[in-house]
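Take a look at the structure set out below.
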Amino acid sequence: MIARYLHGSPVVVLAAWIQRAPQYGELLFTTRDNIKRAPECVLAFREASLRGWEHANCHIEEAVDLYCRRVVPSADRDTVLREAEVRRDLMAPAFLEMGYIDRRRWRERVRDIAESIGIEVPRMPAGYADRLLADHYLAHRLRRRRWLITMLAAGAAVLVSVGGLAMLWLKCMLRRRAAELNAVHVRLQQESERRRIAAKELAQAEALAKALSDGISDGVALTDVGRRYLYVNPQMAALYGYKVRELVGQTFDLLLTPAEAQRLRRYFDLRVQGERRDLHRYEATLRAKNGDLRPVEISVNEVAVRGERAFVSVHRDLSESKRMARDTVRIVEWERRRIGQDLHDTIGQDLTGMAYLLEALLAGGAALSPEQAECIGNALALCRRAHRRLRGFVAGLLPLGPDEPLADGLRRLATNSFERLGVSCEVSVAGQAKDIELSCAGHLFQMVQEAVENAARLGRASQVRITLAYDGVCGQLQVDDNGTFPDGEGPEIAIMRCRADILRGRLDVRRKDKGGFSLLCTFGS
């Protein structure tokens, strides 16, 4: 075909892209005129081509040198050599005879080409695809010319061909099985390569995940649905004073304190049951190996590990932030006391002196006009009212006296809140509230005061109920109101939480269904 093209003869090219399935790699084409005129030449050309392929496969180096020297001098010899070796492996000369064509595959390819160029397959003559092969075409012509000889020799041919047919069938079966095995071998190699690449990528991903886990400052743990640690990073183990091997395989009950155990187990069970997916971050106090308590913030997220459910938790140490918060609250307390004492010793004393002078002026017997007497009386009344308000303000800055019990301070706060804010406060005390330490009582009083101020100013509350219970070891302080608060927690709630941390307690804030807020502080546990 190439020679005809070079001599200017018309040539029809069937491109491989017009088919919907892969073709044979190499095909030899000729015309019917050549087969009719010189069939021996056609068959000899095919045989020479097959021998040329066999020689090239057996002498790849020589064939590559000839190709690079005479065909494409600019080609890279190593690239051409690798292509020749891959082509030889794909031809599978150990399994398939050179020049073998699978008849079923050939018919499918011819049908696909016919459909792609618009030929109706049902209208094609029977056996048309086979007659496109030189052997079949020559056999078809011989059958038409020598049908009489074939009929006379049929009887003998049947007897002779029984064994030949059996051998041919066996040979075809062997060829087919060899082709199938070769295809399976190729697929296995491809699958093996994909698995190797996937394993390499998985190893790289695992190494990256481990590097990230070991490189962050927070503790990271992987827990199964049975609360058992599958993995912990070194920071997680160091946070609680353990070694990695001491935590892996253990349940997280090892770190729970009696006060936190029930709450954290309930959180985890709800996560496992899928009922509370919003519990992804919370604060807790866990126990280290030496018995010390570690305030931490835990972030939890569900993942899948080898097809099983697991939970990744990030533990962030809050010890330093809690210490800073406690120091901040102590500084604020000191500033409040200092400001209250300064107001009492300066402005309070000045107002007392002004009231004394005005009283002395009225009682001095000097001749005063009615207007002057009325003006002095009004000034005296303003001084006394300002002094009362200042005393109430200073009482708020100086929460409890040195010997004032917490219960008495709460009742005084209720009376003062009604006078200053117009809020009706009800105080209920149960147990041994008088035994609460003064430092603890001061923080509890400040929490109640901040809650009442917050309810009156932000929530527009008109009623507040204060409940205090203490059994000598632990206690509860609850403040309920009927205010209408905006969404979210303000800075006052954050200060209350800091006070609860100082008391080694916990503050829970919730919005009631019927309106208002409820603050519950547990302390001493």
Taking every non-hydrogen atom, the tightest pair across [X] and [Y]:
{"X": "F268", "Y": "V225", "result": "CE2-O, 3.5 Å"}
{"X": "F311", "Y": "R309", "result": "CZ-NH2, 3.8 Å"}
{"X": "A261", "Y": "L256", "result": "CA-CD1, 3.9 Å"}
{"X": "A461", "Y": "V423", "result": "O-CG2, 3.7 Å"}
{"X": "T257", "Y": "R287", "result": "CG2-CB, 3.8 Å"}
{"X": "V300", "Y": "R271", "result": "O-NH2, 3.5 Å"}

For atom [atom1] of [X], is the number of surrounding heavy atoms from other residues, nucleotides or ligands below 6.0 Å larger than 12?
{"X": "Q262", "atom1": "CD", "answer": "no"}
{"X": "E191", "atom1": "CD", "answer": "yes"}
{"X": "R177", "atom1": "CZ", "answer": "no"}

For a side-chain contact (heavy atoms from CB on, under 4.5 Å) check, start with the C-alpha distance between D224 and E308, then their side-chain angles and the critical distance, and finish with the verdict. CA-CA 8 Å; D224 61 11; E308 301 291 337; over 6 Å; no

Identify whether NZ of Lys or CZ of Arg in R511 sits under 6.0 Å from the centre of the six-membered ring of F517 and within 45° of that ring's axis.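 No, a cation-pi geometry is absent between R511 and F517.
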
Any non-hydrogen side-chain atom of [X] less than 4.5 Å from a side-chain atom of [Y]?
{"X": "L410", "Y": "F445", "value": "yes"}
{"X": "T522", "Y": "R506", "value": "yes"}
{"X": "S518", "Y": "V479", "value": "no"}
{"X": "L230", "Y": "T223", "value": "no"}
{"X": "L406", "Y": "L444", "value": "yes"}
{"X": "M496", "Y": "C521", "value": "no"}
{"X": "E83", "Y": "T79", "value": "yes"}
{"X": "V509", "Y": "L507", "value": "yes"}

To the nearest 0.5 angstrom, please state how far the [atom1] atom of [X] sits from the [atom2] atom of [Y].
{"X": "H185", "Y": "E180", "atom1": "NE2", "atom2": "CD", "value": "15.5 Å"}
{"X": "M236", "Y": "L222", "atom1": "CE", "atom2": "CG", "value": "11.0 Å"}
{"X": "I466", "Y": "Q449", "atom1": "CD1", "atom2": "CD", "value": "10.5 Å"}
{"X": "D508", "Y": "L519", "atom1": "CG", "atom2": "CG", "value": "9.5 Å"}
{"X": "E297", "Y": "S299", "atom1": "CD", "atom2": "OG", "value": "5.0 Å"}
{"X": "T285", "Y": "R294", "atom1": "OG1", "atom2": "CZ", "value": "11.5 Å"}

Apply side-chain contact (heavy atoms from CB on, under 4.5 Å) to the pair L286 and L293, showing each step before the final yes or no. CA-CA 6 Å; L286 302 183; L293 299 181; over 6 Å; no

Using the side-chain contact (heavy atoms from CB on, under 4.5 Å) rule, take V184 and V186 through it: C-alpha gap first, then chi angles, then the decisive distance, then the call. CA-CA 5 Å; V184 171; V186 172; over 6 Å; no

Angle class for the Y470/F523 ring planes (parallel below 30°, perpendicular above 60°, tilted otherwise)?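 Y470 vs F523 ring planes: parallel.
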
Checking the side chain of D481 only, and the main-chain atoms of V464 only, is there a donor and an acceptor separated by less than 3.5 Å?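 Not at all, since once roles are kept as given, no pair shorter than 3.5 Å links the two residues.
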
Do side-chain atoms of D78 reach the backbone of L81 as a donor and acceptor pair under 3.5 angstrom?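 Answer holds: no.
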
With R316, which residues qualify under salt bridge (Lys or Arg N to Asp or Glu O under 4.0 Å), at least two apart?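 If we apply the salt bridge (Lys or Arg N to Asp or Glu O under 4.0 Å) test to R316, skipping adjacent residues, the hits are D218.
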
Passing option when Y240 is tested against V296, D317, N290 for side chain to side chain contact (heavy atoms under 4.5 Å, CB included):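 Running side chain to side chain contact (heavy atoms under 4.5 Å, CB included) over V296, D317, N290 with Y240 returns exactly one hit, V296.
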
Donor-acceptor side-chain pairing of D480 and Q478 below 3.5 angstrom: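 There is such a pair (donor and acceptor under 3.5 Å, judged by atom type) between the side chains of D480 and Q478.
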
Table please: side-chain donor-acceptor pairs of residues 241-251 below 3.5 Å, with sequence neighbours left out.
| from | atom 1 | to | atom 2 | distance (Å) |
| --- | --- | --- | --- | --- |
| E246 | OE1 | K243 | N | 2.9 |
| E246 | OE1 | K289 | NZ | 3.4 |
| E246 | OE2 | K289 | NZ | 3.1 |

With a 4.0 Å cut-off, would you call R82 and E85 a salt bridge?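 Looking at E85 together with R82, the answer is no, because their closest N to O distance does not fall below 4.0 Å.
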
Under the side-chain contact (heavy atoms from CB on, under 4.5 Å) criterion, do D269 and R227 qualify, and how do the steps go? CA-CA 9 Å; D269 292 340; R227 304 201 298 264; 4.0 Å; yes

